[in-house]
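A note on names: the letters A, B, ... follow the listed sequences, proteins ahead of strands, and every chain is numbered from 1.
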Protein chains: 2
Amino acid sequence: MGVTIHDVARAAGVSVASASRALSGRRKVTPEIAERVSRAAAELGYQPNAVAKALRDRTTGTIGMIVPGIGNPFFTTIVEAVEHQLQETGRDLLLCASQYRPDVEARRLETLLARRVDGLIISPCDIEASVPAVLNAARRVPLVQVDRHIEGGGADWVGVDDDSALAQAVEHVAAGGARSVTFVGSRLMNSSARSRLSGFERAAARAGVNATAPLLGEFTLEWGIEAGRLLLLDGATMPDAVVCGNDEIAVGLVRALRAGGVRVPDDMSVVGFDDVGHATMCDPPLTTVRQPVEEMAAEAVRLLGQVRVSDPRPAQRIAIAPRLVVRETSRPVAAGGANGTEMGRGTA
Amino acid sequence: MGVTIHDVARAAGVSVASASRALSGRRKVTPEIAERVSRAAAELGYQPNAVAKALRDRTTGTIGMIVPGIGNPFFTTIVEAVEHQLQETGRDLLLCASQYRPDVEARRLETLLARRVDGLIISPCDIEASVPAVLNAARRVPLVQVDRHIEGGGADWVGVDDDSALAQAVEHVAAGGARSVTFVGSRLMNSSARSRLSGFERAAARAGVNATAPLLGEFTLEWGIEAGRLLLLDGATMPDAVVCGNDEIAVGLVRALRAGGVRVPDDMSVVGFDDVGHATMCDPPLTTVRQPVEEMAAEAVRLLGQVRVSDPRPAQRIAIAPRLVVRETSRPVAAGGANGTEMGRGTA
DNA sequence: CAGAAATTGGTAATCGATTACCACACTCCC
DNA sequence: GGGAGTGTGGTAATCGATTACCAATTTCTG
């Protein structure tokens with residue numbers, strides 16, 4: 001079916017070596033031969049077989065990527081950004097979803113390694129269960145974690161600076177006058193869930209606000225609605241503000257609160273996390289912390305290029321500071337007075 | 001770096017042929033040899049090189065997929081569904097985004113062909129400009145179009161039955177009492193935009209409602225907002241209902257209308273299209289036509305398996321009937337009386 | 001003009017897994 | 001016991017592009 005370089009060489013009346021050299025330009029050939037070869041290649045519609053090239057070069061020009069799920073807009077945004085970065089260097093993306101299951105994740109890692117990808121970008125679904133598969137893969141090929149990571153720091157990581165993120169969110173609602181704040185996030189099975197909660201707790205202490213007991217469930221709209229109902233149940237302990245682990249939770253929470261008669265942001269401020277897609281779709285538009293997705297993707301691809309499996313160096317951890325995007329689900333700073341911020345900072 | 005089958009054979013004290021046969025089980029070997037080989041493979045951590053296998057077998061076990069953009073939740077939902085289907089048969093997905101540009105699309109097709117994918121699933125970004133690249137690719141490898149397609153029917157296609165979809169949407173709002181209906185969609189550069197508009201016009205005629213001039217822009221939230229403003233501008237000709245080309249447009253439209261004082265659904269019914277993600281996020285939840293995404297993906301993968309490049313057969317076109325999901329942006333049928341529906345049907 | 005130096009073309013090995021083909025050993029039956 | 005038949009192992013070719021190595025030719029220098 002396919003036209004090979006042998007066909008081109010025969011048509012041009014030269015050897016395969018000359019044909020290869022003429023086409024790749026890696027070594028000089030006489031203009032005469034270059035001309036004949038490129039004409040023959042064009043006429044036959046020759047297209048080099050990337051599989052053969054990969055076998056010979058021991059390089060596929062392909063990067064494998066594994067994310068927990070493509071349904072989650074945050075991950076698709078990262079995938080898109082990574083795809084975009086790889087384009088720049090003419091590489092392709094082999095995409096897999098682990099479906100949030102460590103066993104699926106391990107299997108997908110194996111097939112990507114079998115396909116001899118040149119590198120791996122992964123957001124491990126479980127902070128503990130993903131450890132062996134990820135470390136094993138990292139020993140065989142350059143590997144960078146994005147967003148989520150495994151415990152123990154055995155592999156490079158690029159993500160958002162959760163401490164800075166939560167500090168911005170908490171300081172913002174404190175500046176709007178909030179005295180008590182609740183965190184609504186996910187159960188602590190992945191690194192993001194953990195570091196966002198601890199970032200929240202540190203930020204609350206620093207800002208001098210009262211951090212009420214966190215509500216932990218899933219990173220979903222449904223859990224946001226559920227959490228909203230839980231808050232409504234005992235109105236006595238209702239906080240002045242809620243900071244959420246991601247935007248989907250925040251959107252669900254806002255809807256449940258409004259349905260329950262709580263005015264957002266007048267009665268309660270709500271802050272999300274991610275700022276991909278959902279935030280602007282929401283009504284009112286969501287105040288949220290924007291993940292620096294493009295920067296994370298660029299950094300991950302850059303790191304991949306630096307990793308040398310042969311000489312292990314200390315694992316890098318790159319935390320990029322995010323930016324708070326103030327929209328309409330949080331009380332304006334003016335309302336609570338700039339004084340609140342100063343106080344918050346003062347007690348840190 | 002890698003352990004080859006030669007290493008395994010040597011360690012087991014047999015020939016590469018025996019090692020290969022023992023591991024693949026394609027031909028009998030004595031239990032003794034089978035045992036020695038599998039033990040050696042396990043000890044060395046042997047993992048077959050998929051690149052070499054692909055070269056020899058002339059089969060990569062990889063399907064290439066090209067969609068206009070991964071940012072659009074509709075496409076990611078399809079990608080996810082296709083990935084899921086391929087899993088079943090142990091194949092992997094090589095994913096590309098054309099960024100809605102025919103030139104990028106053509107380049108990506110070339111690289112996927114060079115990588116010798118076993119098949120292609122594509123949603124061509126432009127009904128005209130995508131034609132040559134798609135037809136050329138279809139000549140070389142099994143190819144199925146999903147959702148969008150090129151004009152002229154030169155390649156298989158799986159998608160939603162836009163006629164049925166628009167009929168359901170129009171009949172629903174007519175049953176709710178609407179007498180005049182407007183279609184807000186995208187400019188006619190892709191097949192979905194075209195067939196949804198024409199489906200709308202046919203359905204309106206059949207239902208006996210007055211189809212006012214359509215508004216055509218982009219498949220985006222922004223265009224939905226813009227279209228809402230346009231409708232508000234001359235309130236005199238305000239329709240009773242609007243049917244949208246996708247959910248993003250619908251969400252934007254609803255927001256603009258409500259901001260302009262129009263009550264949805266009391267003053268105007270709004271129906272979306274797709275029902276992926278956005279619809280339930282919206283407030284109020286969107287009445288919309290649900291794309292049969294899983295079925296489309298399953299059908300596309302099934303078709304891929306049937307295509308034989310060697311003997312061309314007439315291109316298949318599979319249109320799957322969607323289902324209208326009634327939520328809260330459309331007036332309930334009871335309000336307008338079931339009579340409306342009967343009248344609509346009667347005039348068809 | 002002889003001989004060294006610089007180009008450039010061709011042959012064949014290489015990457016790793018699979019398998020066609022051959023060879024050998026063993027069983028079975030007349 | 002010899003010939004047919006069956007089962008199993010090994011050798012080497014194959015997939016297609018690249019390139020190390022060698023050979024041949026041209027160019028340059030004294």
* Asked: Is the backbone N or O of A:Ala17 less than 3.5 Å from a side-chain atom of A:Ser20, with the two atoms forming a donor-acceptor pair by type?
  -> no
* **Check: A:Arg108 side chain, A:Ser98 main-chain N or O, donor-acceptor pair, under 3.5 Å** => no
In whole angstrom, what separates [X]'s [atom1] from [N]'s [atom2]?
X: B:Leu44; N: C:dA17; atom1: CG; atom2: P; value: 12 Å
X: B:Asp57; N: C:dG16; atom1: CG; atom2: P; value: 16 Å
X: B:His6; N: D:dA12; atom1: NE2; atom2: C1'; value: 10 Å
X: A:Glu32; N: C:dT8; atom1: CD; atom2: P; value: 14 Å
X: B:Arg115; N: D:dA17; atom1: CZ; atom2: P; value: 15 Å
X: B:Asn49; N: D:dT14; atom1: CG; atom2: P; value: 21 Å
X: A:Leu23; N: D:dG16; atom1: CG; atom2: P; value: 16 Å
X: B:Gln47; N: C:dA17; atom1: CD; atom2: C1'; value: 14 Å

* **Step-by-step side-chain contact (heavy atoms from CB on, under 4.5 Å) determination, B:Glu80 to B:Phe75** => CA-CA 9 Å; B:Glu80 192 169 32; B:Phe75 290 122; over 6 Å; no
Just to confirm, is there a sub-4.0 Å distance from OP1 or OP2 of [N] to any side-chain nitrogen or oxygen of [X]?
X: B:Arg58; N: D:dG16; answer: yes
X: B:Arg26; N: C:dT19; answer: yes
X: A:Lys53; N: D:dG16; answer: no
X: B:Ser20; N: C:dT18; answer: yes
X: B:Tyr46; N: C:dA17; answer: yes

Remember a base hit wins even if backbone is also touched, and classify [X] as base, sugar-phosphate or nothing at under 4.0 Å, heavy atoms.
X: A:Ser18; answer: sugar-phosphate
X: B:Thr30; answer: sugar-phosphate
X: B:Thr4; answer: sugar-phosphate

* **Check: C:dG9 base within 3.5 Å donor-acceptor of A:Arg27 side chain** => yes
* Could a donor-acceptor pair under 3.5 angstrom be found where the side chain of B:Arg21 meets the base of D:dG10? -> yes
* Check the pair B:Glu151, B:Ser191 against side chain to side chain donor-acceptor pair (under 3.5 Å), reporting the backbone distance first and the verdict last. => CA-CA 8 Å; B:Glu151 63 186 353; B:Ser191 59; over 6 Å; no
* A:Arg39 atom CZ, over 12 foreign heavy atoms within 6.0 Å -> no
* Position toward the 5' end of DNA chain D (nearest nucleotide), B:Ala19 or B:Ala52 -> B:Ala19
* Presence of salt bridge, A:Arg317 and A:Asp156, under 4.0 angstrom -> no
* Considering only side-chain heavy atoms of A:Lys28, which listed nucleotide, C:dA12, C:dT8, C:dT18, is closest? -> C:dT8
* To do: Specify the residue among B:Ala17 and B:Leu55 whose closest nucleotide of DNA chain C lies further upstream toward the 5′ end.
  => B:Leu55
